[in-house]
Protein chains: 2
Amino acid sequence: MSILREKILHVASDLFQTRGINSTGVDTIVAVAGTTKMTLYKYFHSKENLILEVLQKGHQDFQAWLNGKMSSKKPTEKLQQLFDHIEEWITAPDFRGMAFLKASAEFPNEENAVHRLSAEQSRQFKQYLAGLATDAGAKDPEALALQLSLLIEGAVQAEQMKRGSGAIKYAKKAAKILIEMALKG
Amino acid sequence: MSILREKILHVASDLFQTRGINSTGVDTIVAVAGTTKMTLYKYFHSKENLILEVLQKGHQDFQAWLNGKMSSKKPTEKLQQLFDHIEEWITAPDFRGMAFLKASAEFPNEENAVHRLSAEQSRQFKQYLAGLATDAGAKDPEALALQLSLLIEGAVQAEQMKRGSGAIKYAKKAAKILIEMALKG
DNA sequence: TATGAAATATACAAATCTGTATATTTCATG
DNA sequence: CATGAAATATACAGATTTGTATATTTCATA
């Protein structure tokens, strides 16, 4: 509803990705967003709360974008084409990484709320892959989904570490082999 | 030479892994190590310097451990057995993750010294895998090495996020397929 | 026992962090 | 124009951060 609320979310998301979460103070966020701490704490009553909302919005936006790309495709081809979309995402100039991967590294304690949300989002992504694997007729959909998630998250990690790594190119080739083996074998 | 220096390195490494780097102050480190800031700053003249030394020692120790495990094996079997050792490492109770993966997430800026060292260590690990792939007679050793590194780093990431994920089990199966394809095909 | 380096305790500086209190200004709506 | 909620500026509290200054104590060695 509020424009300032959205602005804060957007700015925080950007700063968290480019500078890290713990290295970004709320003073910086409100300065870039062009507002004050009073407003920030009105909408998000703690920094941890803001972090959680940023993560949730990021995950929702990503899933919505991916779902839009994936619509109206044959089940057997969906898994392959998924990697085309992931490649488009990773190689885009404004790619900044997978938010929940970084967040879980900054909050390693498994009891921490941010870590728990990150783990939940990772689980949901694997579940999404498992759905695609099931539709495609894989023998062991959970196994294939986990293997593909390793390739995707590994490629994202590699690209976070070094832009232009080209990792996704080789992840795609590996995925093709694994998908074929899981469907035929 | 100095026992305190080693103690500080060890304690810092442990705290960085369990609580995160930016969330661990030097006051905490010296308190746990049973010394004072004066001593810490005598050996490591800044926190960033300490972080870099912790990363370097961690990487050296890991490579030394792995090299010890890998000695006297047939080149064609080394790649497979590598995953057995990685599994042993990941499933050990005191496994705390891959230090350079977390560090690069906490310092996302590619110009940052900690990020650069992390990227360098990741590159060295891929190079090590490429050496094994070459010895094994892979057609495109660089490609296979990159794919295997995606599986390993992905599995480590998964285990960092949730202990007992079992990801390495499926990474091994995927690796077996990819290795066979790279050697035969 | 005397010397001198290593380590220590204590205190502090200066900056930054999250979060709040207070009072003023903007601005759409009645 | 008047009312009232939203947003603002300003200032501050209290804790924590990295890093240093100073002075004392430990302790092996000459």
Asks: Provide, to the nearest angstrom, the distance between the CG atom belonging to L40(B) and the P atom belonging to dA9(C).
Replies: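 Distance check: L40(B) CG to dA9(C) P gives 14 Å.
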
Asks: Could you give the CG-to-C1' distance, from L4(B) to dA6(C), as a whole number of Å?
Replies: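 Atom-to-atom, L4(B) to dA6(C), this comes out as 9 Å.
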
Asks: Please report, rounded to the nearest Å, how far the P atom of dT16(C) is from the CG atom of N22(A).
Replies: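 Distance check: N22(A) CG to dT16(C) P gives 17 Å.
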
Asks: Report yes if at least one side-chain N or O of T39(B) is closer than 4.0 Å to OP1 or OP2 of dT8(C); otherwise report no.
Replies: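 Yes, T39(B) has a side-chain N/O under 4.0 Å of OP1/OP2 on dT8(C).
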
Asks: Return yes if a side-chain donor-acceptor contact under 3.5 Å exists between Q124(B) and E120(B), otherwise no.
Replies: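 Present: a donor and an acceptor within the cut-off.
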
Asks: Over how many whole Å does the gap from Y41(A) atom OH to dA9(D) atom C1' extend?
Replies: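 Interatomic distance, OH of Y41(A) to C1' of dA9(D): 17 Å.
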
Asks: From C-beta outward on T35(B), which listed nucleotide comes closest to its side chain: dT8(C), dT20(D), dT18(C)?
Replies: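 The nucleotide sitting nearest to the side chain is dT8(C).
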
Asks: To the nearest Å, how far apart are I8(B) CD1 and dG19(D) P?
Replies: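 Interatomic distance, CD1 of I8(B) to P of dG19(D): 14 Å.
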
Asks: If the threshold is 4.0 Å, N to carboxylate O, is there a salt bridge linking K172(A) and E87(A)?
Replies: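 Between E87(A) and K172(A) there is a salt bridge, with a charged N closer than 4.0 Å to a carboxylate O.
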
Asks: What's the closest nucleotide to the D27(B) side chain, out of dT8(C), dT17(D), dT20(C)?
Replies: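 Per side-chain heavy atoms of D27(B), the pick is dT17(D).
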
Asks: Less than 4.5 Å apart, any side-chain heavy atom of T36(B) and any of V30(B)?
Replies: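 Answer no - side chains too far apart.
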
Asks: What is the distance, rounded to the nearest whole Å, between atom NZ of K37(B) and atom C1' of dT16(D)?
Replies: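 Rounded to the whole Å, the gap is 10 Å.
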
Asks: Could you work out which one of dT18(D), dT10(D), dT8(C) sits closest to the side chain of T36(B)?
Replies: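 My answer, after comparing the listed nucleotides, is dT8(C).
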
Asks: On the 0 to 90° scale, with breaks at 30° and 60°, tag the W89(A)-F62(A) ring pair as parallel, tilted or perpendicular.
Replies: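 The rings of W89(A) and F62(A) sit tilted, inter-plane angle from 30° to 60°.
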
Asks: Given dA7(D), is OP1 or OP2 found less than 4.0 Å from the side-chain N or O atoms of Y43(A)?
Replies: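 Answer yes for this pair, as a side-chain N or O of Y43(A) is under 4.0 Å from OP1 or OP2.
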
Asks: Give the rounded distance in Å between these two atoms: CE of M38(B) and P of dA21(D).
Replies: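 In whole Å, dA21(D) P and M38(B) CE are 8 Å from each other.
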
Asks: Give the rounded distance in Å between these two atoms: NZ of K47(A) and C1' of dT16(C).
Replies: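 Rounded to whole Å, this separation is 11 Å.
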
